[in-house]
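Below is one structure, written out as structure tokens; the observations come after it.
The basis for the numbers below is simple: all heavy atoms, side chains too, and nothing from hydrogens, waters or symmetry mates. In the text below, chain A, chain B and the rest are named by the order of the sequence lines, each starting its count at 1.
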There are 2 protein chains.
Amino acid sequence: MLEAKLSEAGTLKKLLDAIKELVTDANFECNEEGIVLQAMDNSHVALVSVKFAAPAFKRYRCDRPMPLGVNLTSLTKVLKCAKDDDICTLKAADEADVLNLVYEAKNSDRIAEYDMKLMDIDADTLNIPETEYDARVTLPSAEFTRIVRDLSQLGESVRIEVSKEGVRFASDGEAANGNVLLRQSDGSHITGSTIKPKTEADDEEEEEAEGSSRKKAKVKKEKNDDDVEMEDDDKDEDKEKEDEDEEDFQPKENEDGEEEKDDEGEEEDSGSKKRKKKANGTSKPSKKPKTSKSKGKATEDEDSSSVVIEMNQHVSLTFSLKYLVNFSKSASLSPKVQLMMSNDVPLLVAYDFNQGYIRYYLAPKIGDD
Amino acid sequence: MLEAKLSEAGTLKKLLDAIKELVTDANFECNEEGIVLQAMDNSHVALVSVKFAAPAFKRYRCDRPMPLGVNLTSLTKVLKCAKDDDICTLKAADEADVLNLVYEAKNSDRIAEYDMKLMDIDADTLNIPETEYDARVTLPSAEFTRIVRDLSQLGESVRIEVSKEGVRFASDGEAANGNVLLRQSDGSHITGSTIKPKTEADDEEEEEAEGSSRKKAKVKKEKNDDDVEMEDDDKDEDKEKEDEDEEDFQPKENEDGEEEKDDEGEEEDSGSKKRKKKANGTSKPSKKPKTSKSKGKATEDEDSSSVVIEMNQHVSLTFSLKYLVNFSKSASLSPKVQLMMSNDVPLLVAYDFNQGYIRYYLAPKIGDD
DNA sequence: ATTGATATTC
DNA sequence: GAATATCAAT
């Protein structure tokens with residue numbers, strides 16, 4: 001059975017608000033490590049991946065893996081019945097067809113209890129390979145929201161270009177063309193290093209979860225990946241085969257020859273090497289899980305209003321603004337957002353929060369410049 | 001002629017906002033005691049009763065009784081032309097076909113004057129017997145609003161159950177079932193006593209208004225009463241006649257045999273059994289007008305965030321959430337609301353304010369458990 | 001921009 | 001009664 005107590009129902013409410021328009025039904029895969037949700041958006045163009053590690057909960061218990069098929073519209077309604085600061089406990093018996101939610105007001109005798117019906121949903125367990133990217137832009141989530149909303153008024157797509165100059169978001173429309181350029185906040189020059197999604201939480205989680213067996217391998221993502229990623233829904237079999245490039249999520253660690261990136265190959269072991277990978281000569285300890293954040297350089301530790309750009313290679317990709325605007329609704333969950341890109345590969349938009357994250361993958365438009 | 005000066009136009013605005021969706025046209029019955037409005041809602045399912053006693057006004061004068069037929073939509077528009085803190089004076093000549101409204105800004109030389117057309121409306125003077133109830137729940141009006149709005153997302157009706165445990169609001173829906181339990185704030189045990197709507201204002205008003213002639217008679221409400229209450233609009237004549245059964249409002253009980261409820265009859269008489277309606281034999285001196293308000297007991301004196309439950313008998317009734325949500329719009333007029341219930345009798349939802357009130361009556365759904 | 005209310009249709 | 005769509009209010 002599952003029993004997860006969240007100290008703030010608001011966290012779940014925000015999460016649902018962020019993804020309910022993208023996905024209508026999804027399995028909340030619960031196991032002893034926590035709860036994850038992965039689903040393609042309704043039109044199968046984007047992929048959403050959410051994780052709440054067990055430590056994210058005030059109390060967490062899950063005897064055995066169980067997928068909870070949830071209609072997000074229903075869950076949204078039920079969550080609207082909770083106040084943001086209510087203590088929220090999720091419970092589900094094994095094989096249950098209902099999810100029980102209890103809301104306890106922190107300072108009152110009010111107790112609300114809801115039983116939401118569950119449904120069977122095809123478990124299209126998506127396999128999302130953890131890849132490395134050519135560039136990562138870390139910026140205030142509100143800034144990202146503002147940019148995509150502004151540009152969405154001009155046109156339907158945006159070209160995101162990361163260069164030494166900074167990151168430029170440009171959109172052309174009937175009535176006007178526009179672009180927004182963000183430079184590295186501290187003006188320091190842009191340097192590349194191993195770039196892959198990472199969060200403090202991830203570090204911990206991954207290590208523990210995979211033990212050391214899981215390699216943080218630094219696989220770079222090749223063109224094919226996107227296909228795979230976005231498509232695997234349709235063709236996951238492919239990946240199973242072994243195209244090596246395809247892979248989805250697990251990387252085989254290194255093949256190491258990364259043609260695109262030259263430096264990735266060797267990771268340094270600063271701290272625990274697992275997490276960090278990067279290399280080239282600059283090797284900046286990208287980020288050590290927790291030890292010494294590499295904050296010194298351009299890492300994600302800067303204050304929340306800063307823009308950090310990490311780039312190993314110039315990238316220029318075009319995406320549908322409609323989706324980005326949707327993704328940007330997750331801004332309420334984190335003050336910062338990371339945009340990870342490699343040419344011809346799906347963009348990864350990551351919002352990390354304490355012991356969890358929401359990540360969105362969106363394939364670039366072809367013919368992008 | 002009528003001349004009533006209200007120190008805050010906002011009060012009237014809030015009142016109109018609260019009832020305009022329920023009633024489109026109504027008579028403002030003015031006499032020397034003040035102004036009252038009673039009307040069935042547009043679908044004749046609920047009854048709204050509003051009272052502004054003369055002392056509620058900064059100045060009040062009404063030479064002789066006069067009904068002012070008002071289209072609430074028009075009045076709402078006219079009131080939107082007033083600022084909440086404007087001093088508002090209502091004037092109407094005898095036999096006038098217009099209501100004159102003057103808004104004076106408190107600190108300026110601004111004076112706005114409007115003349116709103118009046119209309120003739122059948123004076124279905126509803127006769128609402130003042131009855132005693134088996135249970136009264138006094139809670140923050142915002143809490144009530146929250147509960148009915150939350151539950152209205154799940155289903156269309158709510159079962160309100162008052163027991164020793166507290167008061168539970170439960171609704172079942174397609175996607176989920178939910179319930180909210182409120183316990184007596186101070187944890188004191190629930191005790192019964194005479195339960196009937198009361199407010200300081202009411203006490204004064206009623207006595208004076210009716211003089212001693214009007215009996216505060218402790219009429220218990222029998223099934224018939226309700227009928228009358230809710231239905232008379234259509235058929236007031238009817239009531240006058242005496243058909244007893246139609247209704248909506250009441251089930252006429254009994255004929256006494258209550259097939260539905262078996263135990264009602266004997267309930268525990270904790271407290272004062274008076275309420276127990278049912279009865280056919282139990283008559284209880286319902287309440288004393290003003291003498292000793294039964295306030296001594298659990299009355300409305302608690303702080304605004306508390307929940308007070310007074311119960312003489314367990315009650316379980318089912319109501320349409322649509323109406324309750326509508327009623328709850330009156331929360332802006334009072335920080336607290338009283339829910340008064342007896343099995344098989346219309347619910348009374350009362351918002352009391354200085355020298356006045358808004359009360360709503362709603363018949364329970366039959367077949368409620 | 002978001003939420004609630006209204007109207008219309010199945 | 002439920003869902004969609006449009007409009008209004010905050």
Side-chain angles (χ1 to χ4, degrees), chain A residues 10 13-22 24-25 42 71-84 116-117 119 141-154 321-333, chain B residues 9-10 12-25 41-43 45-46 48 71-84 141-142 144-159 171-178 318-333 365-368:
Chain A
K13 295 176 69 172
K14 290 175 190 165
L15 173 70
L16 267 290
D17 281 341
I19 67 174
K20 69 171 191 284
E21 287 173 30
L22 225 41
T24 57
D25 302 296
N42 297 327
N71 172 284
L72 301 191
T73 300
S74 296
L75 181 54
T76 297
K77 285 183 178 178
V78 173
L79 285 172
K80 280 186 178 172
C81 299
K83 291 178 182 161
D84 284 356
M116 184 188 68
K117 292 183 180 57
M119 57 199 293
S141 55
E143 178 72 68
F144 180 59
T145 300
R146 181 64 199 268
I147 292 171
V148 296
R149 286 197 176 168
D150 283 353
L151 297 181
S152 68
Q153 293 186 110
L154 306 182
L321 278 164
K322 171 186 165 193
Y323 285 95
L324 298 184
V325 167
N326 238 316
F327 300 168
S328 74
K329 290 180 180 171
S330 296
S332 60
L333 284 153
Chain B
L12 247 190
K13 295 176 70 171
K14 288 175 189 166
L15 173 70
L16 267 292
D17 281 340
I19 67 174
K20 69 170 193 284
E21 286 171 29
L22 223 41
V23 182
T24 57
D25 303 296
D41 81 296
N42 297 328
S43 52
V45 172
V48 187
N71 172 282
L72 301 191
T73 302
S74 298
L75 180 54
T76 297
K77 288 181 180 174
V78 173
L79 284 172
K80 281 187 178 172
C81 300
K83 290 177 182 165
D84 284 355
S141 56
F144 180 61
T145 300
R146 183 66 201 266
I147 291 170
V148 297
R149 288 204 172 160
D150 282 353
L151 296 181
S152 69
Q153 293 187 120
L154 306 183
E156 59 176 24
S157 59
V158 61
R159 183 177 67 255
S171 182
D172 291 343
E174 298 273 301
N177 298 332
T318 298
F319 302 97
S320 160
L321 278 163
K322 172 187 165 192
Y323 286 94
L324 298 185
V325 167
N326 241 315
F327 299 168
S328 74
K329 290 179 181 169
S330 296
S332 60
L333 286 153
K365 286 194 173 185
I366 48 176
D368 46 342

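- Every residue was checked against the side-chain hydrogen bond (donor to acceptor under 3.5 Å, both in side chains) condition with B:Lys14, not counting sequence neighbours, and none meets it.
- Within a 6.0 Å sphere centred on NZ of B:Lys322, other residues, nucleotides and ligands contribute 12 heavy atoms or fewer.
- You can see that DNA chain D meets the heavy atoms of chain B within a 4.0 Å-exclusive cut from D:dG1 to D:dA9, reading 5' to 3'.
- The salt bridge (Lys or Arg N to Asp or Glu O under 4.0 Å) check on A:Arg146 picks up A:Asp150, with sequence neighbours excluded.
- Summarising the local packing, NZ of B:Lys83 is surrounded by 12 or fewer heavy atoms from other residues, nucleotides or ligands at distances under 6.0 Å.
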Can you give me every donor-acceptor pair (side chain of residues 74-82 of chain B, partner residue at least two apart or in another chain, under 3.5 Å) with its distance?
{"residue": "B:Ser74", "atom": "OG", "partner": "B:Asn71", "partner atom": "OD1", "Å": "3.2"}
{"residue": "B:Thr76", "atom": "OG1", "partner": "B:Leu72", "partner atom": "O", "Å": "2.7"}

Show each protein N/O and nucleotides 4-10 of chain C N/O combination with a separation under 3.5 Å, one pair to a line.
{"residue": "C:dA5", "atom": "OP1", "partner": "B:Lys329", "partner atom": "NZ", "Å": "3.3"}

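- With sequence neighbours excluded, the residues satisfying side-chain hydrogen bond (donor to acceptor under 3.5 Å, both in side chains) with B:Glu21 are B:Lys329.
- Note that the CG atom of A:Leu321 and the CD atom of A:Gln153 stand 10.5 Å from one another [nearest 0.5 Å].
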